[in-house]
Visitor: 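Please read through the structure below; I'll follow up with questions.
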Amino acid sequence: MIVMKFGGSSVESRDQIEKVLQIVRARLARRPLVVSSAHKGMTDALINAARVAATGRLDPSPAVSKQRAVAASLGCAPDLLAPFFQEVEDLLRGISLVKELSARSLDYIASFGERMAVRCIADFFARSGVPARAYDVWDLGFITDANFGRARPLPGFEARVKAMVAERVPAGVVPIVTGFVGRNEAGEITTVGRNGSDLTATLLAAALGAEEAQIWSDTDGVMTADPSVVKTARNIPTMRFDEAAELAFFGSRVLHPSTLLPAMEKGIPVRVLNTNRPDHPGTVIGFSTDAASPPVTSIAYRERQVVLKINSTRMFGEVGFLAQVLAVLARHEVVIDVITTSEVSVSMTTDDLGKLSRALPELERFGACEVLPNRTTLVVVGQGLPKQKGVAAQVLGAMAQAGVNVEMLSYATGSINLSMVIDDALVAPAVEVLHRSLFETAR
């Protein structure tokens, strides 16, 4: 069995869904289970409609019209999604009446994108000669906790999924399964986080012992840099799980940050492929790589980060100073990514200015606090970083050549990740020059 996940751009229109149909048809012998995202833009349309409703205005038409158009283009019967359209309107009406949008309601409204998409796709597949059936993932045993917006399956879900798939998916039928969503034990709909269909796919692959998890998107696998910024970015044929995990966490647009963990635990390779170029080999992520791999694998970045800097002479020689600071941040649920220290200052990055602002009154008792928004964490990732002499010098030289000031620098002993913090406005020139230096200039 293989698990195949198709993202929003892969299922955004009839033309794209016909490509998906041919890709799946060619792999029927491998017993595919298909995980689908919502049609591109649909989740945003639903969430925007909910936020508008929370102001007292009811307007389901942008989301409903978008989904209705895709269904009509696929030739689906008008009554296929009628109950969903009615439920969306009822939910939005309720939100507009109370003028309140809770995390629970937000997950509920966001779930309709995937739930409607899989029904359209399965219906189209079946009429096109590929036996298929739509499934909400919870009907296949995917029961989660009640952490709305970041839900995770409950312990024991793997056995439940295996049993439910065996019981509910007939032989020869391709299951088209909702990504991104789940349901808790109380029957409330949850989501695993934005772009979380990747995670759904690898969780199901791990539960079912799949031979491979495939992530289909609109790029030729994982690239050496963001191709929207660097036109000369190259495909990476093979890479290790730890490299891919670093890149995903620090902003690579190809994978959800948590995607790789289930596959790593079960040793299931993850293959990243391009729906628009299905014959391209893409990128295979596993525990081993090509022996001839370059020292640097890829460049990634996370924009809109916030830097907190604390200056204090109390740090000098004081035991437990940093532990006290981190304890305050933990109480306010501030997640820290990059941290650097000196004898009299500590700097760290986070992505949540709101939570950091609530922690500031407590932090100011440790020293003078400075908050710097609009920063980017720029990372260079590669297995060869701790082994190849001169890579750090080459990286910093490229930053100087690009006219970019590196405000923070972090590299741990033996690490495969060199992290820098720069101004948001300088991302494009920094990445372009860095890519040229690391991947396009003869070493």
Visitor: Using salt bridge (Lys or Arg N to Asp or Glu O under 4.0 Å), reason through Asp123 and Arg119 one step at a time and then give a plain yes or no.
Guide: CA-CA 6 Å; Asp123 179 71; Arg119 284 158 174 84; over 6 Å; no
Visitor: Enter the distance from Asp242:CG to Leu247:CG here, rounded to the nearest 0.5 Å.
Guide: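 Spacing of CG (Asp242) from CG (Leu247) equals 10.0 Å.
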Visitor: Which heavy atom of Val118 sits nearest to which heavy atom of Tyr135, and what is that distance?
Guide: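 Smallest interatomic distance, heavy atoms only, reads CG2-O, 4.3 Å.
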Visitor: Among side-chain atoms of Ser228 and Asp226, is any donor-acceptor pair under 3.5 angstrom?
Guide: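 Side chains of Ser228 and Asp226: pair found under 3.5 Å.
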Visitor: Identify the two heavy atoms, one from Arg358 and one from Pro361, that lie closest to each other, and give their separation to 0.1 Å.
Guide: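 Shortest heavy-atom separation between Arg358 and Pro361 comes out as O-CD, 3.5 Å.
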Visitor: Would you say the side-chain atoms of Asp198 pair up with the backbone N or O of Thr259, donor to acceptor, closer than 3.5 Å?
Guide: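 No, the answer is negative, given that no donor and acceptor are paired below the 3.5 Å cut-off.
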Visitor: Using side chain to side chain contact (heavy atoms under 4.5 Å, CB included), reason through Phe125 and Val20 one step at a time and then give a plain yes or no.
Guide: CA-CA 10 Å; Phe125 274 31; Val20 172; 3.9 Å; yes
Visitor: Please find the pair of heavy atoms, one from Ser37 and one from Ala117, that lie closest to each other, and give the distance.
Guide: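 For Ser37 versus Ala117, the nearest heavy atoms are O-CB, 3.7 Å.
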Visitor: Quick one: list whatever passes side chain to side chain contact (heavy atoms under 4.5 Å, CB included) with Ile2, sequence neighbours left out.
Guide: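 By the side chain to side chain contact (heavy atoms under 4.5 Å, CB included) rule, Ile2 matches Met4, Arg27, Arg30, Pro32, Glu211, Glu212, Gln214.
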Visitor: List, one per line, each side-chain donor-acceptor pair under 3.5 Å for residues 320-335, sequence neighbours excluded.
Guide:
residue	atom	partner	partner atom	Å
Gln324	NE2	Gly320	O	3.3
Arg331	NH2	Glu362	OE1	2.6
His332	NE2	Glu362	OE2	2.7

Visitor: Looking at side-chain heavy atoms only, is the closest gap between Leu308 and Leu363 below 4.5 Å?
Guide: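 SC-SC contact between Leu308 and Leu363 confirmed.
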Visitor: Considering only heavy atoms from C-beta outward, does the side chain of Leu273 approach that of Ile215 to under 4.5 Å?
Guide: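 In short, these two side chains do not touch, never coming nearer than 4.5 Å.
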Visitor: Is a salt bridge present between Asp59 and Arg57, judged by a nitrogen-to-oxygen distance below 4.0 Å?
Guide: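 Salt bridge flag = no for Arg57 with Asp59.
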Visitor: Are side-chain heavy atoms of Asp145 and Asn184 found at a separation under 4.5 Å?
Guide: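 Asp145 does not reach Asn184 side chain to side chain.
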Visitor: Between Leu261 and Phe241, is there a side-chain heavy-atom distance shorter than 4.5 Å?
Guide: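 Phe241 does not reach Leu261 side chain to side chain.
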Visitor: Check whether any side-chain heavy atom of Glu89 lies under 4.5 Å from a side-chain heavy atom of Phe85, and answer yes or no.
Guide: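 Side chain of Glu89 against side chain of Phe85, heavy atoms only: no contact under 4.5 Å found.
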Visitor: To the nearest 0.5 Å, how far apart are CD1 in Ile268 and CD1 in Ile285?
Guide: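 Those atoms lie 13.5 Å apart.
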Visitor: If you round to the nearest 0.5 Å, how far is OG of Ser128 from CG of Leu21?
Guide: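 Going from the CG atom of Leu21 to the OG atom of Ser128 covers 5.0 Å.
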Visitor: Rounded to the nearest 0.5 Å, how far does CD1 of Ile109 lie from CG of Leu91?
Guide: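 That separation rounds to 4.5 Å.
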Visitor: For Ser419 and Asn417, test the side chains for any donor-to-acceptor distance below 3.5 angstrom and give the result as yes or no.
Guide: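 On atom types as modelled, these side chains qualify, holding a pair under 3.5 Å.
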Visitor: One pair to check against side-chain hydrogen bond (donor to acceptor under 3.5 Å, both in side chains): Asp424 and Thr376. What are the steps and the verdict?
Guide: CA-CA 5 Å; Asp424 275 349; Thr376 289; 2.5 Å; yes
Visitor: Considering non-hydrogen atoms only, spot the tightest contact between Val192 and Ala151 and give its length.
Guide: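 Between these two residues, the closest heavy atoms are CG1-O, 3.3 Å.
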Visitor: Give a yes or no answer on whether the side chain of Thr200 reaches the backbone of Phe180 with a donor-acceptor pair at less than 3.5 Å.
Guide: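 Side chain of Thr200 to backbone of Phe180, a donor-acceptor pair under 3.5 Å: yes, one is there.
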Visitor: Tell me whether the NZ or CZ atom of Arg152 lies within the 45° cone about the ring axis of Phe157 and under 6.0 Å from its centre.
Guide: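 Not satisfied by the 6.0 Å and 45° rule.
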Visitor: Between Gln305 and Asp337, is there a side-chain heavy-atom distance shorter than 4.5 Å?
Guide: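 Asp337 reaches Gln305 side chain to side chain.
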Visitor: Going through the checks in order, is the side chain to side chain contact (heavy atoms under 4.5 Å, CB included) test met by Leu81 and Arg68?
Guide: CA-CA 8 Å; Leu81 299 180; Arg68 201 188 300 275; over 6 Å; no
Visitor: Got a sec, which residues hit side-chain hydrogen bond (donor to acceptor under 3.5 Å, both in side chains) with Asp220, two or more places apart in sequence or on another chain?
Guide: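 With sequence neighbours excluded, Asp220 shows a side-chain hydrogen bond (donor to acceptor under 3.5 Å, both in side chains) to Asn274, Arg277, given in chain and number order.
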Visitor: Could you give all pairs that pass the salt bridge (Lys or Arg N to Asp or Glu O under 4.0 Å) test and reach residues 38-55, with sequence neighbours left out?
Guide: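 Pairs touching residues 38-55 that pass the test: Asp44-Arg194.
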Visitor: Tabulate below the donor-acceptor pairs under 3.5 Å that side-chain atoms of residues 161-178 make, not counting sequence neighbours, or state none.
Guide:
residue	atom	partner	partner atom	Å
Arg168	NH1	Asp139	O	2.9
Thr178	OG1	Val137	N	2.8

Visitor: Closer than 4.0 angstrom, basic N to acidic O: yes or no for Arg302 and Asp351?
Guide: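 Salt bridge present between Arg302 and Asp351.
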Visitor: Decide yes or no on side chain to side chain contact (heavy atoms under 4.5 Å, CB included) for Ile299 and Thr224, but give the supporting numbers first.
Guide: CA-CA 6 Å; Ile299 303 163; Thr224 50; over 6 Å; no
Visitor: Is it true that atom CZ of Arg160 has more than 12 heavy atoms of other residues, nucleotides or ligands lying nearer than 6.0 Å?
Guide: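 Atom CZ in Arg160 is packed in, count exceeds 12.
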Visitor: In this structure, which one of Met116, Glu114, Glu12 forms a side-chain contact (heavy atoms from CB on, under 4.5 Å) with Met42?
Guide: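 Going through Met116, Glu114, Glu12 one by one, the side-chain contact (heavy atoms from CB on, under 4.5 Å) with Met42 is satisfied by Met116 alone.
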Visitor: Please confirm whether the backbone N or O of Gly56 pairs with a side-chain atom of Ser96, one donor and one acceptor, at under 3.5 Å?
Guide: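 Flag not set: sc Ser96 to bb Gly56 has no pair under 3.5 Å.
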Visitor: Under 3.5 Å, side chain of Ser65 to main-chain N/O of Ser61, donor-acceptor pair present?
Guide: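 Yes, the answer is positive, given that a donor and an acceptor are paired below the 3.5 Å cut-off.
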Visitor: If you look at every heavy atom in Ala233 and Pro227, which pair is closest and at what distance?
Guide: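 Minimum heavy-atom separation between Ala233 and Pro227: CB-CA, 4.2 Å.
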Visitor: Show your reasoning for whether side-chain hydrogen bond (donor to acceptor under 3.5 Å, both in side chains) applies to Asn374 and Glu303.
Guide: CA-CA 7 Å; Asn374 305 316; Glu303 298 170 286; over 6 Å; no
Visitor: Below 4.5 Å, heavy atoms only, C-beta onward: do Ile236 and Ser298 meet side chain to side chain?
Guide: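 In contact.
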Visitor: Give the intermediate values and the outcome of side-chain hydrogen bond (donor to acceptor under 3.5 Å, both in side chains) for residues Ser105 and Ser102.
Guide: CA-CA 5 Å; Ser105 297; Ser102 66; 3.1 Å; yes
Visitor: Hey, does the Lys NZ or Arg CZ of Arg115 hover above the aromatic six-ring of Phe84, less than 6.0 Å from the centre and inside 45° of the axis?
Guide: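 The answer is no; the distance or angle limit is not met.
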Visitor: If only atom types and distance count, is the side chain of Ser73 paired as donor or acceptor with the main-chain N or O of Val70 below 3.5 Å?
Guide: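 Side chain of Ser73 to backbone of Val70: a pair is present.
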Visitor: Which pair of non-hydrogen atoms, one from Ser410 and one from Thr340, has the smallest distance, and what is that distance?
Guide: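 Heavy-atom minimum between the residues: CB-CG2, 4.3 Å.
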Visitor: Under the side chain to side chain contact (heavy atoms under 4.5 Å, CB included) rule, what do Val391 and Val395 come out as? Steps first, then yes or no, please.
Guide: CA-CA 6 Å; Val391 175; Val395 168; 4.3 Å; yes
Visitor: Could you state the interatomic distance from OG1 (Thr275) to NZ (Lys19), rounded to the nearest 0.5 Å?
Guide: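 So the OG1 of Thr275 and the NZ of Lys19 are separated by 8.0 Å.
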Visitor: Nearest 0.5 Å, what's the OG1-NZ distance between Thr55 and Lys99?
Guide: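 So the OG1 of Thr55 and the NZ of Lys99 are separated by 7.5 Å.
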Visitor: Would Thr297 and Glu243 count as a side-chain hydrogen bond (donor to acceptor under 3.5 Å, both in side chains) here? Give the steps.
Guide: CA-CA 8 Å; Thr297 301; Glu243 293 175 305; 2.4 Å; yes
Visitor: Going by salt bridge (Lys or Arg N to Asp or Glu O under 4.0 Å), name the pairs with one or both residues in residues 178-188, residues two or more places apart or in two chains.
Guide: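 Checked against salt bridge (Lys or Arg N to Asp or Glu O under 4.0 Å) - neighbours excluded - the pairs reaching residues 178-188 are Arg104-Glu188.
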Visitor: So, are Glu407 and Lys309 salt-bridged, with charged N and O less than 4.0 Å apart?
Guide: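 Result for this pair is no, no salt bridge flagged.
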Visitor: Is there side-chain contact between Thr191 and Phe148, with heavy atoms separated by less than 4.5 Å?
Guide: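 No - every pair of side-chain heavy atoms lies 4.5 Å or more apart.
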